Amino acid sequence: MAKITALLLDVSYEDDSVNSVLKIFVKDKKESYWVFDTNFHPYFYAIFYDEKEIEKIRGMNFGEEKFSVLEIKETRMVAQGKAVHKVVFKKVSHLVQARKDFHDIGIKRFEYDVPFSKRYLFDNALEPGNFVEMEIEEIKTSKGKIYETKKGEVRREIKSIKKVDGDFFENAVVGAFDLETWSGKKFEVGAEPILMASIFSDDEQKVYSYETKKVKGMEMLDNERELVDTVTKKINEFDFIVTYNGDNFDFPYMKKRADKLKTKFLINGEEIRVKRHGLDNAVELEGKQHIDAYQIMKLLQRTGSVNTVKLDLESVSEKVFGVYKEKVFPSEINDAWKTGDAKKLTRLVDYNLKDSEVTYKIAKDFLPLFIEISKLTSQTLADTTRATTSQMVEDLLMKEAHLRGVVAPNKPHEGDVKTRTENPIKGAFVKEPLAGLHEQIAVLDFASLYPSIIISHNISPETLNCAHAECKKNVSSDGTGFCTKEKGLFPEIIERMLKQRLKLKSEYKKKKKEKGIDDRVLFAKQWALKIILNSVYGYLGYARARWYSRECASAVTAWARGYIQDTIKHAEKEGFKVLYGDTDSTFLLMGKKTKGDVEEFTEKVNKILPETMELEIDGFYKRGLFVTKREGGAAKKRYALIDEKGNLKIVGFEYVRRDWCNAAKETQKKVIELVLSQGNPAEAVKFVRKTIEELKSGNMPKKELAIMTLLQREPKDYDSIGPHVAAAEKAIARGKQLGVGSMLSFIITKWNEKASISDKAELEEFVEEGNYDANYYIENQVLPAVIRIMQELGYSREDLLQGGKQTGLSAWG
DNA sequence: TAATTCGCTAGACCGA
DNA sequence: TCGGTCTAGCGAA
């Protein structure tokens, strides 16, 4: 028996003639390999009526195979307050059949839909991305033995396994690849040849092509088939194969081309596995981790960690790494390769390599984050990088619940999902601001408001409405009580995570300050916690969640509304005027008060607050601007602030929205800047006039006029045909391929004065420079973006259109 | 196979 | 033709 410590990379199972056998993929200092655990079997939990019923089930035969359960065992686990039995099967397929039959008989089942491999990770609290320590026995298999390996004669079997901490990247090879293909009239995966391919790792950066001119940086191969074979060979050297949209493009493309060219695209000797993953695909590989950096970017976009209009590699390179990257369009790719023009080809080679490089960089930069999430949730890196935030929270809860002997609630039926969705939970409180220009503003906010409320009030589905008399004081304003005697699952997990995050954050800061070390792993650890902590409240109110709890989610927001409103009242009592507040923030007008007064006030509030809750000072601002809505009243969720150093913070305004053109956004920013930093509205008017003149002249470049909108559904599914839908329809009629998820960039052209805006909308790529409706851009873009700001300063629409301030018209201003 | 609610604005749509 | 209502999108927290 050998003791082995190795990096845990993947989990799967295979069926032999008798059993589903679990296997894990690990990498040690020398090699990577599968290890089998023959002692672990698929199971679910069930509540039986009595011993007789158990006996009956033991004697039953299920399905066409007439199989019986492997065993039924008592457990320490509890579901809905009742003890459950573990019903164990030999094969996953047996479990799948039996769970239906149990339902038909009327036996309550739990965790019957947890995949076998996930089950293994939860039960053993293993952490992919971390290490495992195993006792291994090498079993020589021979014909006739029940467990037979596929290829070798020796199989490593696990006798014991546990998680141990280790340093991840030490021995894993990460490499990216990227393809450039010929563009035909219509796009279809694998229909046209691959023209060029690049690979990028620490050790090797290469670009391959064939049948064109050889230029610098390119390795010339004989034909496409050799290119496919070469790329296949190269990527087989990596442990982590990184792509950008390889789930839907590069991998399926390689496979199709390999088939066509009568060669093989095999990873570790096996075909790639394309799995359905929601609306798109996920590509799994044998004994390799496929990291699709595009999925990583999508997730970062969803969690608000990055914010780019498009998620192509050019935008990512610029926004995330601050490096400009040139785009080479499909038609240019065709042209460069076909003509063999050295200059064009060199540009293409560079582009192809940069694609791989940026892809590789995304993986290198963000893998530490996903490794930490993998550890927290006990999921493989491949799954984590493709997970939604609700899945992460649920995986974490299932893992933690199992450790505590708690069985997870079942997923809701569609009917319940519908009811839940139709009854939304009352959310946050937003105070109507005071419109106008304000001086000396202090912004306060609660640190991790929702998580801290969950902890402070012990909000959890199991602590709901207990019978204790002494818990009666812990009742939310919407009438739900929570036990104060026994800590709930949610508060316990969240408190541990919150404390851990604070610790990591201060460790990270200390290391940076004292040693000048930017410890990315420490940073990733706290970041992973932040992402999950921020998602817990949303999960409680998410209709498909196992632990959905209307009462809990509703209590969280009820308390939150209470805390923010109390803070506002308290501030007013202390002599502050409260300018604005949203969910967890309070804007104070300092008037004659000092920063010290604000600090004192904050401390006072913190003394009253529960221990885990904290009101913090976000910052002090020299000036701030709030505007009046079109229909009257001050607008919430839109404001601009400037601090002592002159840093501008623009929130909610058109400037931060992608569905407004640049000309309008930049004009608005300039106006805000002039008003806030220089107090110079006259100069702002001049600037607006200048923009209007440029628009009138017809010389405004079209990139300043493009409006970005996401096509959220198929064009035929819209009830109301807005400009972006109209533009999309026209483009589709011209042969452009667009669909759900396409980012549209359109322009309102000059065409016919009477035509509707939609009639005049065209995708940017089909519009000539200078073809734009100046009147639309003045009246519907630039003016609306600046008018409400200027109105707060006493300027009218006419002042902006005619220049300067019209005397007499608003002499009161 | 999808974290939540609150809020603003534009432009189409529709009936008087 | 007008004005109210509805659809749609995106951002704040």
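Since the model is a prediction, treat every value here as computed from it, not as a measurement. Within every chain, numbering begins at 1; the chains are lettered A, B, ... in the order of the sequence lines, protein sequences first and strands thereafter.
When only modelled atom types and interatomic distance are considered, A:Gln379 and A:Thr377 share no side-chain donor-acceptor pair under 3.5 Å. A donor-acceptor contact closer than 3.5 angstrom is absent between the side chains of A:His457 and A:Ser476.
Closest to the side chain of A:Arg544, from the set B:dG7, B:dA2, B:dT9, is B:dA2. Among B:dA2, B:dC8, C:dC10, the nucleotide with an atom closest to any side-chain atom of A:Asp659 is C:dC10. Taking only side-chain atoms of A:Lys637, from C-beta outward, the nucleotide of B:dA2, B:dA10, C:dA12 with the closest atom is C:dA12.
Among the atoms of the strands shown, only primed sugar atoms or phosphate atoms (P, OP1, OP2) are found under 4.0 Å from some heavy atom of A:Tyr776. Within 4.0 Å (heavy atoms only), A:Tyr639 reaches sugar-phosphate atoms of the nucleic acid but no base atom. Heavy atoms of A:Trp660 sit under 4.0 angstrom from primed sugar atoms or phosphate atoms, though from no base atom. Backbone-only contact: A:Arg630 has heavy atoms under 4.0 Å from sugar-phosphate atoms and none from a base.
Of the residues in residues 718-728 of chain A, A:Tyr718, A:Asp719, A:Ser720, A:His724 come within less than 4.0 Å of DNA chain C through at least one heavy atom, sorted by number.
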Got a list of side-chain donor-acceptor pairs under 3.5 Å for residues 718-729 of chain A, not counting sequence neighbours?
unit_1	atom_1	unit_2	atom_2	d
A:Tyr718	OH	A:Gln712	N	3.0
A:Tyr718	OH	A:Arg713	N	3.3

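On the C1' atoms, C:dA12 is 15 Å away from B:dA3, given to the nearest whole Å.
Between A:Ser448 atom OG and A:Asn534 atom CG the span is 6.5 Å, to the nearest 0.5 Å.
Using a 4.0 Å cut-off between charged nitrogen and carboxylate oxygen, A:Glu394 and A:Lys399 do not count as a salt-bridge pair. We find that A:Arg797 and A:Glu779 are joined by a salt bridge, their nearest charged nitrogen and carboxylate oxygen being less than 4.0 Å apart. A salt bridge between A:Lys375 and A:Glu372 is present, with a side-chain N of the basic residue lying under 4.0 Å from a carboxylate O of the acidic one.
In DNA chain B, runs of at least 3 consecutive Watson-Crick or G-U pairs, each pair with both distances below 3.5 Å, span B:4-16 with C:1-13.
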Criterion ring-ring contact (aromatic ring centres under 6.0 Å, His included) on A:Tyr580 and A:Tyr639, from CA distance to verdict:
CA-CA 10 Å; A:Tyr580 176 60; A:Tyr639 57 86; 5.6 Å; yes
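When the nearest nucleotides of DNA chain B are assigned to A:Ile757 and A:Ser390 by heavy-atom distance, the more 5′-ward of the two goes with A:Ser390.
Within the 4.5 Å cutoff, no side-chain heavy atoms of A:Arg302 are placed close to those of A:Thr389.
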